[in-house]
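Structure record follows, encoded as structure tokens.
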Amino acid sequence: MKNRMEGHTPYFLGMAVIYAFCFAVAFYKNYVGLTFPLITALTLFVCALYMKKMEVVWKKSSWLYVGACLLLGVSTVLTTSFFVVFFNTVGILLLITVVMLRQLYDDREWNFGQYLVNMLFLYLNMIPEVAAPILHLMRYLKARRKEDGKEEGKKGMKYILLGVLLGLPMLIFVILLLSSADQVFSKIVGEAFYKLFCEILFSPNVVFVVLLMILGFFGIYSFLSALSLNNMPQTKGDAKKRNPLTAITFLSMVTFIYVIFCVIQIVFLFTGGMLLPEGYTYAEYAHQGFFQLLFVCIFNLVLVVSCMAVFDRNRILNILLLLFSGCTYVMIASSAFRMILYIRTYHLSFLRVLVLWFLALLAVLMVGVALAVLRREFGLFRYCMAVVAAFYLVFSFGKVDVLVAKYNVAQMGENISYEDLKYLTSLSMDVVPVLGEYDFAHENCIRQGTYVEEYDYYTPAGIWDYDIDTGRSVLKKGCRRCLLNKTFHRVMEHTEGMTLRTFHVSKYLARETAEMYFAPGKK
């Protein structure tokens with residue numbers, strides 16, 4: 001199938017080269033700096049130029065996806081959380097993919113499964129399209145030669161290339177001989193070639209820049225080239241489906257157990273009247289069943305969507321799917337209730353906030369699933385995309401690490417334990433301004449104001465004890481002051497030398513806090 005980009009080869013090759021240069025400038029030793037939202041905006045701009053060249057009409061609804069991409073780019077400059085930065089990047093790539101598919105194809109009849117299949121199909125097409133820029137250039141040059149009739153020029157280029165291939169080994173051979181014949185020549189030419197090859201052409205920095213440019217060039221070109229193939233499978237939403245009796249049978253069996261479970265949750269867990277198993281505290285019981293329930297909730301969501309995609313519509317099946325969805329809501333509420341009980345005892349962590357956020361997301365997604373059961377024409381995929389994008393934007397801008405630190409500090413105050421403080425210092429730099437509120441005195445130190453090496457590189461000194469199981473000395477209780485000193489020293493090291501290109505809001509605030517912490521008269 002002919003690629004529609006081939007008719008504009010010089011235009012797209014030039015655009016890809018410019019993009020590759022900007023990509024290298026943005027990400028050279030700088031992954032979350034001020035250039036991240038700029039390269040996000042540039043990627044969207046390149047996609048817009050592609051659509052203009054391909055004469056694709058812009059859909060107004062795509063602006064929502066574009067806005068979400070730009071917001072995720074801005075969010076990356078506000079946090080140093082690896083989890084958030086990683087999923088911001090994934091979210092931006094997925095949103096751009098959805099935008100381009102919606103622009104180039106009629107997605108009104110695509111169901112949820114068809115959307116996922118087409119996205120995967122596009123990514124698989126990008127693999128062979130990595131060779132597209134080279135093939136397009138060769139075909140373009142061949143066509144130009146035929147038009148201009150410059151066969152002599154073609155032969156001349158062959159002779160020049162042959163001369164270069166023969167001349168390079170001769171050049172190296174002559175230089176080696178002359179270098180051994182004269183020490184002055186050897187020193188001058190040898191140093192020049194050493195600097196040229198080792199310090200310039202093959203230096204780690206140059207190699208890294210070249211790799212970034214290659215990634216940017218082939219990444220954007222192969223993506224646009226795969227879109228230009230126009231070979232996306234167009235499976236209709238009304239394709240032949242299975243007899244619903246099969247789904248009614250297994251859903252009836254599972255739903256019966258779910259109803260019993262939900263009644264127990266409502267009567268005992270939510271009312272607080274349940275007698276706990278022997279040896280369990282309320283928090284331990286809540287934590288024990290939480291992850292199983294979370295898995296069941298995800299399983300239920302996938303099962304309901306699969307049933308709607310595979311089996312024919314049927315009134316009894318619809319009733320069962322709605323009842324199934326209702327049981328899922330009870331399980332979501334039970335999971336959230338158990339997690340809240342656990343948080344009351346053991347306070348917040350990043351994972352616990354993530355879980356509560358995910359449960360809220362599942363609850364809203366199930367609303368869309370229920371609407372899709374009642375209304376066949378309901379666009380479930382677009383609903384899910386909008387809900388996930390909105391929820392994730394809240395999570396991305398919410399600075400979960402800061403929320404965790406503020407909550408735990410408010411709950412424990414000056415009585416925060418060494419282990420709890422150690423967990424907070426293991427989070428991203430976002431929490432540094434919160435930790436800067438502490439001003440502990442040295443305690444349990446072997447030597448005040450110093451670090452003592454343990455199994456890690458610098459562990460704050462403290463009271464040591466002998467562990468019978470391992471036969472090793474372990475830190476029983478550490479110094480909170482030393483731990484903060486270590487944390488703020490690390491912040492100073494990792495935020496040194498920020499420029500406009502590498503500027504990052506969270507790192508800047510963390511450095512300011514660290515400088516105030518080590519200000520004269522405070523340390």
Side-chain angles (χ1 to χ4, degrees), residues 43-44 47 59 61-62 64-66 68-69 72 86-129 219 222-242 247 294-313 317 321 324-325 328 357-358 361-373 375-393 395-396:
T43 305
L44 291 168
C47 291
K59 297 178 181 178
S61 57
S62 295
L64 296 174
Y65 298 93
V66 171
C69 282
L72 289 179
F86 175 79
F87 281 99
N88 280 359
T89 307
V90 173
I92 289 170
L93 295 177
L94 290 177
L95 286 170
I96 292 175
T97 302
V98 172
V99 167
M100 298 304 289
L101 287 177
R102 294 185 72 252
Q103 288 293 134
L104 297 173
Y105 297 94
D106 184 4
D107 65 336
R108 287 175 294 181
E109 296 186 0
W110 291 2
N111 56 31
F112 196 95
Q114 185 65 31
Y115 240 116
L116 296 179
V117 168
N118 287 350
M119 290 175 68
L120 179 61
F121 186 77
L122 174 64
Y123 294 142
L124 291 176
N125 275 333
M126 288 178 61
I127 298 174
E129 290 305 307
S222 61
F223 176 67
L224 297 178
S225 184
L227 286 167
S228 302
L229 293 173
N230 197 26
N231 63 343
M232 200 65 64
Q234 296 284 331
T235 304
K236 298 292 184 180
D238 57 352
K240 187 176 180 180
K241 296 184 179 181
R242 304 284 182 178
L294 179 62
F295 176 80
V296 171
C297 292
I298 299 172
F299 169 76
N300 290 352
L301 176 64
V302 174
L303 183 61
V304 174
V305 172
S306 300
C307 286
M308 290 190 295
V310 174
F311 298 100
D312 278 329
R313 295 282 175 154
L317 178 60
L321 289 174
F324 201 81
S325 301
T328 304
W357 170 85
F358 188 70
L361 174 63
L362 276 179
V364 180
L365 289 178
M366 288 304 297
V367 173
V369 171
L371 291 174
V373 172
R375 295 173 53 194
R376 184 168 186 169
E377 67 278 5
F378 182 77
L380 182 59
F381 181 83
R382 289 190 291 273
Y383 173 85
C384 290
M385 279 293 297
V387 169
V388 172
F391 265 74
Y392 184 74
L393 281 172
F395 184 87
S396 181

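- Listed by chain and number, the residues in a ring-ring contact (aromatic ring centres under 6.0 Å, His included) with Phe299 amount to none (sequence neighbours excluded).
- Residue Ala68 comes nearest to Leu95 through the heavy atom pair CB-CD1, 3.7 Å, listed as atom of the first residue, atom of the second, then distance.
- Residues Ser61 and Arg102 approach most closely at OG-NH2, 3.0 Å, considering heavy atoms.
- In this structure a side-chain-to-backbone donor-acceptor pair under 3.5 Å is missing from Ser396 to Tyr392.
- With sequence neighbours left out, Ser222 forms a side-chain hydrogen bond (donor to acceptor under 3.5 Å, both in side chains) with no residue at all.
- Closest approach of Val305 and Leu380 over heavy atoms only: CG2-CD2, 4.1 Å.
- Phe391 contributes atom CZ, which lies 5.5 Å from atom CG of Leu361 (distance to the nearest 0.5 angstrom).
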- Message: Walk me through whether Met119 and Leu94 qualify under side chain to side chain contact (heavy atoms under 4.5 Å, CB included).
- Response: CA-CA 9 Å; Met119 290 175 68; Leu94 290 177; 3.7 Å; yes
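- One finds the CG atom of Leu93 at 8.5 Å from the OG1 atom of Thr43 (value rounded to the nearest 0.5 Å).
- For the atom pair OG (Ser228) and CG (Leu104), the distance works out to 7.5 Å, reported to the nearest 0.5 Å.
- Taking both residues in full, the closest heavy atoms of Ile96 and Cys47 are given as CG2-SG, 4.0 Å, listed atom of the first, atom of the second, then distance.
- With a 4.5 Å cut-off on side-chain heavy atoms, Val373 and Ser325 do not count as touching.
- The shortest distance between side-chain heavy atoms of Leu227 and Gln103 does not fall below 4.5 Å.
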- Task: Check the pair Leu303, Phe324 against side chain to side chain contact (heavy atoms under 4.5 Å, CB included), reporting the backbone distance first and the verdict last.
- Result: CA-CA 10 Å; Leu303 183 61; Phe324 201 81; 3.5 Å; yes
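- Between Thr97 and Phe223 there is a side-chain heavy-atom pair separated by less than 4.5 Å.
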- For Met100 and Leu122, what are the C-alpha separation, side-chain angles and deciding distance, and is it a side chain to side chain contact (heavy atoms under 4.5 Å, CB included)? CA-CA 11 Å; Met100 298 304 289; Leu122 174 64; 6.0 Å; no
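- You'll find the side chain of Val364 reaches within 4.5 Å of the side chain of Tyr383, heavy atoms only.
- In this structure Phe311 satisfies the ring-ring contact (aromatic ring centres under 6.0 Å, His included) test with no other residue, sequence neighbours excluded.
- With rounding to the nearest 0.5 angstrom, the CG atom of Asn125 is 12.5 Å from the OH atom of Tyr123.
- Side-chain atoms of Phe381 and Leu116, non-hydrogen and from C-beta on, do get closer than 4.5 Å to each other.
- Nearest heavy-atom pair across Ile298 and Leu362 is CG1-CD1, 4.2 Å.
- To the nearest 0.5 Å, atom CG of residue Leu101 and atom CZ of residue Phe121 are 11.0 Å apart.
- What you find for Tyr65 and Val98 is that their closest heavy atoms are CE2-CG1, 3.9 Å.
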